[in-house]
Trainee: 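One structure follows; several queries about it will come next.
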Amino acid sequence: MNILILGAGQLARMMSLAGAPLNLNVVAYDVGSKKIMHPLTGEVYTTTLEQAIIDADAITAEFEHIPDDVLTLCCNSNKFYPGKAAIKTGGDRALEKALLDKTDVACAPYQLITEKAHLEQAVKSLGKPLVIKTCQAGYDGKGQWRLKSDLEIDKIWSEMADFIASGTEQAPHTIIAEKMIPFDREVSIIGARDIHGNVAIYPLTENEHTDGVLTFSIAGKNNHSVQTQATTAFTKLANELNYVGVLAIEFFDVQGTLLVNEIAPRVHNSGHWTQQGCHCSQFENHMRAVAGLPLGNTELKQITAMINVLGQPSIPADVLKFADVTSHWYGKAPKPGRKMGHINVSADSMNDLADKVGELTEYLPEEQYPGLLKAAANLILH
Ligand code: ATP
Ligand code: MG
């Protein structure tokens, strides 16, 4: 079976690696260069996008910011999963909030902003501090402002006005203000839905962000009560979107109550631990779902943590001396802060994991792996 993936980054690469044993043959479309290429080797093919769509049995995406013309072409083929509504919703925070309201899934109180009066109103009705985000752009905490005092309104508005003005009639730019949530921790749920509507959901992941970027995830803690909330939210949202594939939902955990932060209609960085932590990884389950195959086992196989590798030219070979430590490299040119790869660490118990992550900090220094020392300390206290 042939699968076309829109996007040629690490997520397409890992989907292709997971698809190969299932006899799924993957090509990727690089939206920047507009070329069809091999998702692992980067070899560029002469095939056009139109031809690749014809050749594909199923089409999917590794990201939600897909140009409209490309998305329309793919959707017109009736082979595109998870579907246009899901991609559009994941790429626009205003649509995301509308979906959450419609399905009665709780999120941070918010207000949409298209003019300065709305911002002033948001400060009054939501209170300070506010987190202000662009609705249509932004990732890894980019495209955001924090408003803590009335004195910042003018400056932030002038920056926001530039973003709003850069939109077009066909693709308007909007802003959303959210109440800053005093969360205890951030968690996410990753799950898959197949073409018949069956759902398979992974254990909840706890996530550490450093400067707005995910640095550390862990799965296998006892999350029983919040797992149920997350599973309910997942099922409601995936059913409403008639979703096919892997869907990720990020939440704030506020004293045991989950509020949705955002949804990602794709495989997600906070699900990379499933490669070692589960029998069937998020990448394999996404490929299974879009190929019309039965979903795989999402139960926890082993407690697993994931460490993101940001901006480093390689992963220190010494970490591979440890049992149950695996390296996942993306093959990208290094840039400061860029996601270059990740390290998965599995263990038989939380204590064992705490020991292993602690030992790894000797090889993964804090300047290069920000947040790891804190994550290691939290594990000891778990
Ligand atoms: P990514 O694509 O990496 O998930 P993003 O750019 O889409 O990030 P968000 O997930 O919305 O942005 O926000 C990034 C981080 O900022 C969150 O993980 C959280 O730590 C913090 N944050 C966002 N919104 C709020 C909020 N309303 N209250 C408190 N913290 C917030
Ligand atoms: Mg996020």
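When reading the values below, keep in mind they use all heavy atoms of this one structure, side chains included, and skip hydrogens, waters and symmetry mates.
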Trainee: Are L379 and L204 connected, step by step, through hydrophobic side chains (Ile, Leu, Val, Met, Phe, Trp, Tyr) whose heavy atoms are closer than 4.5 Å?
Mentor: no
Trainee: Could you tell me whether the side chain of Q312 and the main chain of V309 form a donor-acceptor pair under 3.5 Å?
Mentor: no
Trainee: For atom CD of E299, decide whether the heavy atoms of other residues, nucleotides or ligands shown that lie under 6.0 angstrom number more than 12.
Mentor: no
Trainee: Taking only residues two or more places apart in sequence or in another chain, which ones pass ring pair (Phe, Tyr, Trp, His ring centres under 6.0 Å) with F163?
Mentor: H173
Trainee: Can you see which heavy atom on P109 is nearest to which on I181, and at what distance?
Mentor: CD-CD1, 4.1 Å
Trainee: Mind listing the side-chain donor-acceptor pairs of residues 17-30 below 3.5 Å, one per line with the distance, residues two or more places apart or on another chain?
Mentor:
unit_1, atom_1, unit_2, atom_2, d
N25, ND2, N2, OD1, 3.0
D30, OD2, S33, N, 3.2
D30, OD2, S33, OG, 2.7

Trainee: Should L237 and V246 be regarded as members of a common hydrophobic cluster, given that ILVMFWY residues are connected when their side-chain heavy atoms come within less than 4.5 Å of each other, either directly or indirectly?
Mentor: no
Trainee: Between K79 and I54 (side chain of the first, backbone of the second, donor and acceptor by atom type, cut-off under 3.5 Å), is there such a pair?
Mentor: yes
Trainee: Search all heavy atoms of E96 against all heavy atoms of N261 and return the closest pair with its distance.
Mentor: OE1-O, 4.0 Å
Trainee: So, using ring pair (Phe, Tyr, Trp, His ring centres under 6.0 Å) as the criterion, who are the partners of F252 when residues are at least two apart?
Mentor: F183
Trainee: Testing the basics here: between Y243 and P265, what is the closest heavy-atom pair and its distance to 0.1 Å?
Mentor: OH-C, 2.8 Å
Trainee: Which atom names give the shortest non-hydrogen contact between L300 and G220, and what distance separates them?
Mentor: CD2-CA, 3.8 Å
Trainee: Backbone N or O of A8 within a donor-acceptor pair of the E62 side chain at under 3.5 Å?
Mentor: yes
Trainee: Identify whether L295 and I249 are in the same connected component of the hydrophobic contact network (ILVMFWY, side-chain heavy atoms under 4.5 Å).
Mentor: no
Trainee: With a 4.0 Å cut-off on N to O distance, would you call K88 and D68 a salt bridge?
Mentor: yes
Trainee: If you draw a 6.0 Å radius around NZ in K301, do more than 12 non-hydrogen atoms from other residues or ligands fall strictly inside?
Mentor: yes
Trainee: For Q121 and L126, indicate whether the former's side chain and the latter's backbone hold a donor-acceptor pair under 3.5 Å.
Mentor: no
Trainee: In terms of hydrophobic clusters joined by side-chain contacts under 4.5 Å, are V70 and V44 together?
Mentor: no
Trainee: Sequence neighbours excluded, which residues qualify as ring pair (Phe, Tyr, Trp, His ring centres under 6.0 Å) partners of F322?
Mentor: Y363
Trainee: Evaluate R185 against V226 for side chain to side chain contact (heavy atoms under 4.5 Å, CB included), listing each step before the verdict.
Mentor: CA-CA 12 Å; R185 57 177 189 153; V226 275; 3.5 Å; yes
Trainee: Would you say K332's side chain and K339's backbone share a donor-acceptor pair under 3.5 angstrom?
Mentor: yes
Trainee: Run the side-chain contact (heavy atoms from CB on, under 4.5 Å) test against S346 and tell me which residues pass, sequence neighbours left out.
Mentor: Q276, Q302, T304, D324
Trainee: Please report the shortest heavy-atom distance between L258 and A106, naming the atom on each side.
Mentor: O-CB, 4.2 Å
Trainee: What's the spacing between L6 CG and E64 CD if we round to 0.5 Å?
Mentor: 12.0 Å
Trainee: If you measure from CH2 on W157 to CD1 on I113, what distance do you get to the nearest 0.5 Å?
Mentor: 7.5 Å
Trainee: If I take atom NE2 from residue H38 and atom CZ from residue R13, how far apart are they, to the nearest 0.5 angstrom?
Mentor: 10.0 Å
Trainee: Mind checking the CD1-CG spacing from I87 to L95? Nearest 0.5 Å is all I need.
Mentor: 12.5 Å
Trainee: Might you point out which heavy atoms bring A289 and I195 nearest each other, and give the distance in Å?
Mentor: O-CG2, 4.1 Å
Trainee: Sequence neighbours excluded, which residues qualify as side-chain contact (heavy atoms from CB on, under 4.5 Å) partners of P172?
Mentor: none
Trainee: For D92 and Q136, indicate whether the former's side chain and the latter's backbone hold a donor-acceptor pair under 3.5 Å.
Mentor: no
Trainee: Side-chain donor-acceptor contacts of residues 364-373 below 3.5 Å, not counting sequence neighbours, with atom names and distances?
Mentor:
unit_1, atom_1, unit_2, atom_2, d
E366, OE1, L373, N, 3.2
E366, OE2, G371, N, 3.0

Trainee: Take K84 and L71, measure what side chain to side chain contact (heavy atoms under 4.5 Å, CB included) needs, and give me the verdict at the end.
Mentor: CA-CA 7 Å; K84 194 170 190 169; L71 188 59; 3.9 Å; yes
Trainee: Can you find a side-chain donor-acceptor pair between E250 and S270 that sits under 3.5 Å?
Mentor: no
Trainee: Taking R93 for the side chain and T134 for the main chain, is one N or O donor matched with an acceptor at less than 3.5 Å?
Mentor: yes
Trainee: Should we count CG of N222 as having more than 12 external heavy atoms under 6.0 Å?
Mentor: no
Trainee: Of all residues at least two apart in sequence or in a different chain, which pass the salt bridge (Lys or Arg N to Asp or Glu O under 4.0 Å) check with R193?
Mentor: none
Trainee: Is there a path of hydrophobic side-chain contacts, each under 4.5 Å between heavy atoms of I/L/V/M/F/W/Y residues, joining Y45 to V31?
Mentor: yes
Trainee: Are the side chain of Q111 and the backbone N or O of H118 linked by a donor-acceptor pair below 3.5 Å?
Mentor: yes
Trainee: Of all residues at least two apart in sequence or in a different chain, which pass the side-chain hydrogen bond (donor to acceptor under 3.5 Å, both in side chains) check with R338?
Mentor: none
Trainee: Can you pull out every salt bridge (Lys or Arg N to Asp or Glu O under 4.0 Å) where at least one residue sits in residues 212-234? Sequence neighbours excluded, please.
Mentor: E206-K221
Trainee: Out of curiosity, Q10 CD to H342 NE2, how far, rounded to the nearest 0.5 Å?
Mentor: 9.5 Å
Trainee: Between L130 and W145, is a side chain to side chain contact (heavy atoms under 4.5 Å, CB included) present by the stated rule, with each step listed?
Mentor: CA-CA 8 Å; L130 288 177; W145 297 266; over 6 Å; no
Trainee: With a 4.5 Å heavy-atom cut-off, do I3 and M287 have their side chains touching?
Mentor: yes
Trainee: Could you measure the distance from the CD1 atom of I176 to the CG atom of L112? Nearest 0.5 Å is fine.
Mentor: 5.0 Å
Trainee: If we ignore hydrogens and angles and just use 3.5 Å, is the side chain of T174 paired with the main-chain N or O of T114 as donor and acceptor?
Mentor: no
Trainee: Any salt bridge between K97 and E178, counting N to O under 4.0 Å?
Mentor: yes
Trainee: Using atom types as modelled and distance alone, determine if a side-chain donor or acceptor of N198 lies under 3.5 Å from a backbone N or O of D194.
Mentor: no
Trainee: So, N308 versus T215: side-chain donor-acceptor pair below 3.5 Å or not?
Mentor: no
Trainee: Sorted by first residue and then second, give each side-chain hydrogen bond (donor to acceptor under 3.5 Å, both in side chains) pair with at least one member in residues 279-296; sequence neighbours left out.
Mentor: T60-H286, Y202-N285, H272-Q282, E284-R288
Trainee: Going by an N to O cut-off under 4.0 Å, is there a salt bridge joining E159 and K155?
Mentor: yes
Trainee: Using the side-chain hydrogen bond (donor to acceptor under 3.5 Å, both in side chains) rule, collect all pairs that involve residues 313-323, keeping only residues at least two apart or in two chains.
Mentor: none
Trainee: Let me see the working for R146 and M180 under side chain to side chain contact (heavy atoms under 4.5 Å, CB included), right down to the final yes or no.
Mentor: CA-CA 9 Å; R146 301 284 192 268; M180 169 98 72; 3.6 Å; yes
Trainee: Give the C-alpha distance, both sets of side-chain angles, the deciding distance and a yes or no for ring-ring contact (aromatic ring centres under 6.0 Å, His included) between H209 and F216.
Mentor: CA-CA 7 Å; H209 292 83; F216 188 84; over 10 Å; no
